[in-house]
Amino acid sequence: MAIIKKSPILSGVDGRHVDALARRVIAELRNKPPKEFRERVAQATGWLIEKAMSNDIFILEDARSELMARGLSAADIVDHCVSDAAREMGRQWADDEASFATVTLGTARLHGLCKLLTSDWENPSNLKPNASVLIAVCDREDHLIGPVVLADQVRRAGYSVHLMTRAVPEKLLSKLTSEPFATVFVSCSAEVSLENVATTVRHVRAKMSRSPRFVLGGPVIDCVDDLLERTGVDLVTNSIGLALADPGRSSEMVANC
């Protein structure tokens with residue numbers, strides 16, 4: 001029998017962690033969209049970027065029809081085309097390839113398209129009992145495309161969702177005391193908003209005998225360290241699966257990452 005040597009890269013690594021990593025890699029490969037779909041999304045996204053950033057008239061219903069005629073569902077457009085287009089517009093502005101006015105126009109159109117695509121949803125048949133999520137965009141944050149996309153994805157996962165913008169502490173506390181929410185997702189794009197996040201979390205926990213679980217996500221987690229300590233939230237992640245998992249399970253999943 002041939003002896004398979006263990007890679008020196010994995011030398012000293014616990015076998016259980018190797019197994020966990022292997023399972024994650026296999027899961028990622030299994031869930032990877034087929035090449036034909038990726039190419040279709042890329043072409044549709046390219047069209048959307050060009051159309052949204054042009055000076056031509058942009059009719060939301062026509063854009064939706066054009067994208068869906070390319071064999072994409074509303075969920076495909078929200079999850080892939082709108083998200084990728086917003087990311088590319090941001091890159092063009094950062095690299096001085098597009099003006100602030102052009103990018104502002106383009107992202108406003110993307111936001112409108114995203115709202116159009118997610119406005120007709122109905123309570124799903126798989127709606128989980130007592131599973132309500134509040135998505136909060138704190139004050140001083142003006143990004144809205146990401147939270148709208150997130151809200152749609154969480155709804156499709158079977159949760160009741162409320163999206164709150166300009167979520168100052170008093171406004172958020174009022175909502176949490178009037179309706180039961182198991183989890184609060186706090187969307188944050190920049191370090192300048194972290195103090196607002198921390199103040200909001202402290203305020204809610206000081207006023208409520210039983211505070212909901214706070215999960216912080218958004219672009220900020222890729223560029224700032226020690227977010228748990230700085231904000232006081234329970235979990236920092238951009239993974240919807242981790243964010244929606246129960247606290248015990250999410251801790252186990254984080255440990256295995």
Participant: Working to the nearest 0.5 Å, report the span between CD of E66 and CD1 of I77.
Facilitator: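 So the gap between those two atoms works out to 10.0 Å.
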
Participant: Residues two or more places apart in sequence or in another chain: which of them pass side chain to side chain contact (heavy atoms under 4.5 Å, CB included) with D95?
Facilitator: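 D95 satisfies side chain to side chain contact (heavy atoms under 4.5 Å, CB included) with R91, E97 once adjacent residues are dropped.
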
Participant: To check you understand the geometry: which heavy-atom pair defines the closest contact between A85 and T45, and what is its length?
Facilitator: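 A85 and T45 have their closest heavy atoms at N-CG2, 3.8 Å.
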
Participant: Can you pull out every salt bridge (charged side-chain N to carboxylate O under 4.0 Å, His left out) where at least one residue sits in residues 191-201? Sequence neighbours excluded, please.
Facilitator: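 Residue pairs passing salt bridge (charged side-chain N to carboxylate O under 4.0 Å, His left out), neighbours aside: E191-R230, E195-R202.
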
Participant: Please say yes or no: joined through hydrophobic side-chain contacts below 4.5 Å, possibly via intermediate residues, are V137 and L227 part of one cluster?
Facilitator: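 They do not share one cluster, since no chain of ILVMFWY contacts under 4.5 Å joins V137 to L227.
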
Participant: Going by side chain to side chain contact (heavy atoms under 4.5 Å, CB included), name the residues that satisfy it together with E61, two or more places apart in sequence or in a different chain.
Facilitator: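 By the side chain to side chain contact (heavy atoms under 4.5 Å, CB included) rule, E61 matches I59, R64, L116.
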
Participant: Say whether L173 and F214 are linked into one hydrophobic cluster, either directly or through other cluster members, by side-chain heavy-atom distances under 4.5 angstrom.
Facilitator: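 Looking at the clustering, F214 is in the same group as L173.
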
Participant: Does atom CH2 of W47 have more than 12 heavy-atom neighbours from other groups under 6.0 Å away?
Facilitator: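 Enclosed.
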
Participant: Applying side-chain hydrogen bond (donor to acceptor under 3.5 Å, both in side chains), name anything that partners T200, two or more places apart in sequence or on another chain.
Facilitator: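 side-chain hydrogen bond (donor to acceptor under 3.5 Å, both in side chains) list for T200, sorted by chain: empty.
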
Participant: Do L150 and V233 sit in the same hydrophobic cluster, where Ile, Leu, Val, Met, Phe, Trp and Tyr count as joined when their side-chain heavy atoms come under 4.5 Å apart?
Facilitator: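 No, no single cluster joins them.
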
Participant: Which salt bridge (charged side-chain N to carboxylate O under 4.0 Å, His left out) pairs, counting each pair once, include a residue from residues 173-184, with sequence neighbours left out?
Facilitator: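 Sorted pair list: K175-E179.
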
Participant: Which heavy atom of A243 sits nearest a heavy atom of L235, and at what distance?
Facilitator: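 Closest pair (atom of A243, atom of L235, distance): CA-CD2, 4.2 Å.
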
Participant: Hey, are the side chains of V220 and S189 touching, using non-hydrogen atoms and a 4.5 Å cut-off?
Facilitator: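 Counting from C-beta outward, V220 and S189 never come under 4.5 Å.
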
Participant: Apply salt bridge (charged side-chain N to carboxylate O under 4.0 Å, His left out) to D79 and list each qualifying residue two or more places apart in sequence or on a separate chain.
Facilitator: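 Result, salt bridge (charged side-chain N to carboxylate O under 4.0 Å, His left out) vs D79: R156.
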
Participant: Does any N or O in the side chain of S83 come within less than 3.5 Å of the main-chain N or O of V78, such that one atom is a donor and the other an acceptor?
Facilitator: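 It does hold such a pair.
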
Participant: Could you pull out the closest heavy-atom pair between F58 and A63, with the gap in Å?
Facilitator: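 Taking F58 first and A63 second, the nearest heavy atoms are CZ-CB, 3.7 Å.
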
Participant: According to side-chain hydrogen bond (donor to acceptor under 3.5 Å, both in side chains), who are the partners of S193, at least two apart in sequence or on a separate chain?
Facilitator: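 With sequence neighbours excluded, S193 shows a side-chain hydrogen bond (donor to acceptor under 3.5 Å, both in side chains) to E141, given in chain and number order.
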
Participant: Find the distance between CD1 (I57) and CG (D62) and round it off to the nearest 0.5 Å.
Facilitator: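 I57 CD1 to D62 CG: 10.5 Å, rounded to 0.5 Å.
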
Participant: Is the shortest side-chain N to carboxylate O distance from D84 to R87 below 4.0 Å?
Facilitator: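 Yes, this pair counts.
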
Participant: To the nearest 0.5 Å, tell me how far D152 CG sits from L117 CG.
Facilitator: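 Between D152 CG and L117 CG, I get 8.5 Å after rounding to 0.5 Å.
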
Participant: Just jot down the side chain to side chain contact (heavy atoms under 4.5 Å, CB included) partners of A167, sequence neighbours excluded, or say none.
Facilitator: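 Expected list: A136, M164.
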
Participant: Check side-chain hydrogen bond (donor to acceptor under 3.5 Å, both in side chains) between R109 and all other residues, then give those that pass, not counting sequence neighbours.
Facilitator: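 Expected list: none.
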
Participant: Less than 4.5 Å apart, side chain to side chain, heavy atoms only: is that true for P169 and V204?
Facilitator: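 In short, these two side chains do not touch, never coming nearer than 4.5 Å.
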
Participant: Measure the spacing between CZ of R40 and CZ of R70 and express it to the nearest 0.5 Å.
Facilitator: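 Between atom CZ of R40 and atom CZ of R70 there are 11.0 Å.
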
Participant: What closest approach, in Å, do P147 and I135 show between heavy atoms, and which atom pair accounts for it?
Facilitator: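 The answer is O-CD1, 4.2 Å.
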
Participant: Should F185 and I240 be counted in the same cluster of Ile, Leu, Val, Met, Phe, Trp and Tyr side chains packed under 4.5 Å apart?
Facilitator: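 Hydrophobic grouping puts F185 with I240.
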
Participant: Contact between T183 and P212 at the side-chain level, heavy atoms closer than 4.5 Å - yes or no?
Facilitator: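 When only atoms from C-beta onward are counted, P212 and T183 do not touch, as no gap falls below 4.5 Å.
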
Participant: For the backbone of R213 and the side chain of D234, can you confirm whether one donor and one acceptor N or O come within less than 3.5 Å of each other?
Facilitator: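 A pair under 3.5 Å: no.
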
Participant: Between N196 and C138 (side chain of the first, backbone of the second, donor and acceptor by atom type, cut-off under 3.5 Å), is there such a pair?
Facilitator: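 Not a single qualifying donor-acceptor pair exists.
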
Participant: Do any N or O atoms from the side chain of T107 and from the backbone of T104 form a donor-acceptor pair under 3.5 angstrom?
Facilitator: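 Yes: the side chain of T107 pairs with the backbone of T104.
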
Participant: Judged by atom type as modelled, is there a donor-acceptor pair below 3.5 Å linking the side chain of R205 to the main-chain atoms of G232?
Facilitator: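 Present.
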
Participant: Anything under 30° is parallel, anything over 60° is perpendicular, the rest tilted; go ahead and classify H162 against F181.
Facilitator: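 Ring orientation, 0 to 90° scale: tilted.
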
Participant: Please check this pair: side chain of T102 against backbone of A98, looking for a donor-acceptor N/O pair closer than 3.5 Å.
Facilitator: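 Side chain of T102 to backbone of A98, a donor-acceptor pair under 3.5 Å: no, none is there.
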
Participant: For E39, what residues pass the side-chain hydrogen bond (donor to acceptor under 3.5 Å, both in side chains) criterion, not counting sequence neighbours?
Facilitator: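 For E39, no residue satisfies side-chain hydrogen bond (donor to acceptor under 3.5 Å, both in side chains) once neighbours in sequence are set aside.
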
Participant: Going by heavy atoms in the side chains, are T237 and V215 under 4.5 Å from each other?
Facilitator: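 Touching, per the 4.5 Å side-chain cut-off.
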
Participant: Is the backbone of K171 close enough, under 3.5 Å, to the side chain of S174 for a donor and an acceptor to pair up by distance?
Facilitator: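 Side chain of S174 to backbone of K171: no pair is present.
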
Participant: I'd like to check the side chain to side chain contact (heavy atoms under 4.5 Å, CB included) partners of S73; sequence neighbours left out, ordered by chain and number.
Facilitator: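 Side chain to side chain contact (heavy atoms under 4.5 Å, CB included) check on S73 returns A75, D76.
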
Participant: Listed by chain and number, what are the salt bridge (charged side-chain N to carboxylate O under 4.0 Å, His left out) partners of E50, not counting sequence neighbours?
Facilitator: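 Once residues adjacent in sequence are excluded, E50 has no partner under the salt bridge (charged side-chain N to carboxylate O under 4.0 Å, His left out) criterion.
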
Participant: Grab the two heavy atoms, one from C188 and one from L216, that are nearest each other, plus how far apart they are.
Facilitator: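 Smallest interatomic distance, heavy atoms only, reads CB-CD1, 3.7 Å.
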
Participant: Might you point out which heavy atoms bring C114 and V82 nearest each other, and give the distance in Å?
Facilitator: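 Closest heavy-atom pair between C114 and V82: CB-CG1, 4.3 Å.
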
Participant: Please lay out, stage by stage, how L244 and V133 fare under the test side-chain contact (heavy atoms from CB on, under 4.5 Å).
Facilitator: CA-CA 9 Å; L244 293 176; V133 173; 4.1 Å; yes

Participant: Indicate, with yes or no, if V184 and V161 share a hydrophobic cluster defined by side-chain heavy-atom contacts under 4.5 Å among Ile, Leu, Val, Met, Phe, Trp and Tyr.
Facilitator: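 No, separate clusters.
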
